[in-house]
Structures are given as C-alpha cells and as structure tokens.
J.: 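This structure is in structure tokens; I'll ask about it shortly.
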Amino acid sequence: ENLTKTPNNFLGTQIKNYTTLLEMQINERLYFQPHDILEKSVLETLYYACEKFPKFSDPTSSSSPTNPFKICEDFNIAPAQFDWVALNQRARTQAWKDIEALFQKKSLVLKKKTFVISIPLEIAILRLYQLKAPQAVLNSFLQHVEDPERRLMLSKKVGAIHSIIDSLTILRNRSALEDFKETLPSGTAEYFYTEKAITSISSSNTKNLLGLKK
C-alpha cells in the first residue's frame, strides 16, 4: 500500500507545485516584463525574480510572491540552487554589491554578519572570474578560502593581486613577495602594498630573532 501511495503523493505534489507556479506567473506577468515567464521553469522564474529584487541584504524587504527568497521557500528550491542562480544573474548584470550581500548572513549568536555560501567556494570564485567580476569582489571571496596555499593558487588563477600578496604574507614567503613586486608597475597601489607586506615580514622576523613578542 505504501509503495502505491508514494508515487501518487509525489505526482500530486508536482502537479500542485506546477499549478501554484503557473498561477503566480499569470498574476505577476507585468512585474517580470520585458521577460515573458509564462510556463517557464521555477528556476527560470527565480532567475528573473533575482533581476528585479531590490535589496538582497534583507530577504524580508518584500512580501511579494516575486521575492526570490519566497520563491525558494514556496517551491523548496535548495540553497545551492538559489546561490548558483542568484550569483549568475547578479554577476551578469554587474550588480556586484548584491553579489556580496547575497552571502553575508546576519548571525544572531555572534551579532555580526558571517559569510555563508552553499556552493563550493572555488567554483563560485572561478565563475565570478568568468563573468568579469572586479578584483575587489574576487578578493572579498578569496579571503574566505582558509588554506593559504589553496588561496594563493586560486588568486593566481583569477589574477587577484591583493589576494596573492595576502596569501604570500600569511605564508611568510618574503622571497616570493620580492619577486612578485618586480612584476608590478612601480609607484602603483599594488606595488606599495607589496612593499608593506615585505616590511611587515622583515619586522616580524627581526622581533623573533631578538626574542620579542609580535
């Protein structure tokens, strides 16, 4: 009996979800213009909803059925699916502030924002690079790669200069920093940033030799 009920329940849920989605698409067609979302999949509908949503830093800023966070809740969209769709849509429209706001979640325990992402961080970084994200955005994501060797590899792959310098600094690789400085145009912000990193390592090494605290 349970075996016969399971597929029927599944089919019934699918039909109900499709009907609910179609009703929402019909009722909200004007909102989605110039895109015609009628009979589009739920993920396509979510994609266009992300284009219109005004405030990704506050998922509750709209109670409309077109709120992408509400669409996820109503249609049981997995967090990883939402993150991927939203990241791609906002990056394609170069809404970089929205990209960063998407993954900054308010923590009631720590009383500050924490970085939360449901897709592999490396894949997100490489995708942002493909979609021509500014270095500031790439650096922001790269700082959450905990392994400095891995961060260095990724930073080089996407050409994130500040993150390369930061990774080499964490690894205390002064010689690599000096070599990297030679590849940078003299007098640029990146050049001086590298010099500062080299100085900080040298100062720290001197203190260690003298037996002083950092």
J.: Might you point out which heavy atoms bring Lys40 and Leu21 nearest each other, and give the distance in Å?
T.: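 Lys40 and Leu21 have their closest heavy atoms at O-CD2, 3.7 Å.
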J.: Are Asn173 and Ser175 close enough that a side-chain donor and a side-chain acceptor fall under 3.5 Å?
T.: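 Asn173 vs Ser175: donor-acceptor pair found between side chains.
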J.: Check the pair Thr114 / Gln104 against side chain to side chain contact (heavy atoms under 4.5 Å, CB included), numbers first and verdict last.
T.: CA-CA 5 Å; Thr114 56; Gln104 296 293 334; over 6 Å; no
J.: Closer than 3.5 angstrom, by distance alone: can the side chain of Thr93 be matched with the main-chain N or O of Arg90 as a donor-acceptor pair?
T.: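 It does hold such a pair.
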J.: Any idea how His35 and Tyr48 line up, ring-wise: parallel (<30°), tilted (30 to 60°), or perpendicular (>60°)?
T.: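 Rings of His35 and Tyr48: parallel, as their planes differ by under 30°.
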J.: Asp179 and Thr183: side chain to side chain contact (heavy atoms under 4.5 Å, CB included), yes or no, with the steps?
T.: CA-CA 7 Å; Asp179 291 341; Thr183 69; over 6 Å; no
J.: Which ring pair (Phe, Tyr, Trp, His ring centres under 6.0 Å) pairs, counting each pair once, include a residue from residues 12-34, with sequence neighbours left out?
T.: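 Applying ring pair (Phe, Tyr, Trp, His ring centres under 6.0 Å) to every pair that reaches into residues 12-34, excluding sequence neighbours, yields nothing.
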J.: Arg151 side chain to Ser167 main-chain N or O, any donor-acceptor pair under 3.5 Å?
T.: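 No, because the side chain of Arg151 does not come within donor-acceptor range (under 3.5 Å) of the backbone of Ser167.
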J.: Does a side-chain heavy-atom distance below 4.5 Å link Thr169 with Ile198?
T.: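 With C-beta onward as the side chain, the pair stays apart.
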J.: In terms of hydrophobic clusters joined by side-chain contacts under 4.5 Å, are Ile161 and Ile170 together?
T.: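 In one cluster: no.
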J.: When you group the ILVMFWY residues by side-chain heavy-atom contacts below 4.5 Å and let the links chain together, are Leu131 and Ile123 in the same group?
T.: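 Different hydrophobic clusters.
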J.: Show your reasoning for whether side chain to side chain contact (heavy atoms under 4.5 Å, CB included) applies to Met24 and Ile71.
T.: CA-CA 10 Å; Met24 188 269 277; Ile71 291 174; 4.0 Å; yes
J.: Work out which heavy atom in Ala133 is nearest to a heavy atom in Leu138; give both atom names and the distance.
T.: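 Closest pair (atom of Ala133, atom of Leu138, distance): O-CD1, 3.9 Å.
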J.: Aromatic rings Phe103 and Phe115: how do their planes relate, parallel, tilted or perpendicular, breaks at 30° and 60°?
T.: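 Tilted.
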J.: Tell me whether Gln143 contacts the main-chain N or O of Ser140 through its side chain, where contact means a donor paired with an acceptor under 3.5 Å.
T.: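 Looks like yes, one N/O pair under 3.5 Å.
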J.: Are the side chain of Asn67 and the backbone of Ser62 linked by a donor-acceptor contact shorter than 3.5 Å?
T.: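 Pair found, side chain donor or acceptor close to backbone of Ser62.
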J.: Could you go step by step and tell me if Tyr193 and Asp166 meet the side chain to side chain contact (heavy atoms under 4.5 Å, CB included) rule?
T.: CA-CA 9 Å; Tyr193 190 67; Asp166 290 342; 2.6 Å; yes
J.: What are the two closest non-hydrogen atoms of Asn17 and Phe75, and how far apart are they?
T.: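 What the structure gives for the nearest pair is O-CE2, 3.4 Å.
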J.: Grab the two heavy atoms, one from Cys50 and one from Pro68, that are nearest each other, plus how far apart they are.
T.: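 Nearest heavy atoms, Cys50 then Pro68: SG-CB, 4.0 Å.
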J.: Is the number of heavy atoms from other residues, nucleotides or ligands within 6.0 Å of CD (Glu146) greater than 12?
T.: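 No, the 6.0 Å shell around CD holds no more than 12 heavy atoms from other groups.
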J.: When rounded to the nearest 0.5 angstrom, what distance separates CZ in Arg29 from CD1 in Ile37?
T.: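 Output value for this atom pair is 8.0 Å.
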J.: Are Arg150 and Glu122 ion-paired here, with the side-chain N under 4.0 Å from a carboxylate O?
T.: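 Salt bridge present between Arg150 and Glu122.
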J.: A side-chain contact here means heavy atoms from C-beta on lying under 4.5 Å apart; do Leu22 and Leu38 qualify?
T.: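 Answer yes - side chains close enough.
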J.: Using 30° and 60° as the class limits, which term best fits the ring planes of Phe82 and Phe69: parallel, tilted or perpendicular?
T.: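 Phe82 vs Phe69 ring planes: tilted.
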J.: Without swapping roles, check the side chain of Gln81 against the backbone of Leu43 for a donor-acceptor pair under 3.5 Å.
T.: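 No; judged by distance alone, with no hydrogens or angles, the pair does not exist.
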J.: Of all the heavy-atom pairs spanning Ser41 and Gln25, show the shortest one and how long it is.
T.: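 In terms of heavy atoms, the two residues are closest at O-NE2, 4.4 Å.
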J.: Return the minimal non-hydrogen interatomic distance between Ser118 and Asp83, and the atom names on each side.
T.: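 Shortest heavy-atom contact: N-OD2, 2.8 Å.
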J.: Looking at Tyr129, I'd like to know if its OH atom is crowded, meaning that more than 12 non-hydrogen atoms belonging to other residues, nucleotides or ligands lie closer than 6.0 Å.
T.: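 Counting neighbours around OH of Tyr129, 12 or fewer heavy atoms of other residues, nucleotides or ligands fall under 6.0 Å, so no.
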J.: For the pair Glu190 (side chain) and His162 (backbone), establish whether a donor and an acceptor sit closer than 3.5 Å, ignoring hydrogens and angles.
T.: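 No, because the side chain of Glu190 does not come within donor-acceptor range (under 3.5 Å) of the backbone of His162.
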J.: Taking the side chain as every heavy atom from C-beta outward, state whether Thr66 and Lys52 have any pair of such atoms under 4.5 Å apart.
T.: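 No, too far: nothing below the 4.5 Å cut-off.
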J.: Taking side chain to side chain contact (heavy atoms under 4.5 Å, CB included) as the test, write out the residues that go with Asp74, two or more places apart.
T.: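 Scan of Asp74 (side chain to side chain contact (heavy atoms under 4.5 Å, CB included), adjacent residues dropped) gives Lys70.
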J.: Do Arg127 and Gln130 have side-chain atoms, one donor and one acceptor, less than 3.5 Å apart?
T.: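 Judged by distance alone, the side chains do pair up.
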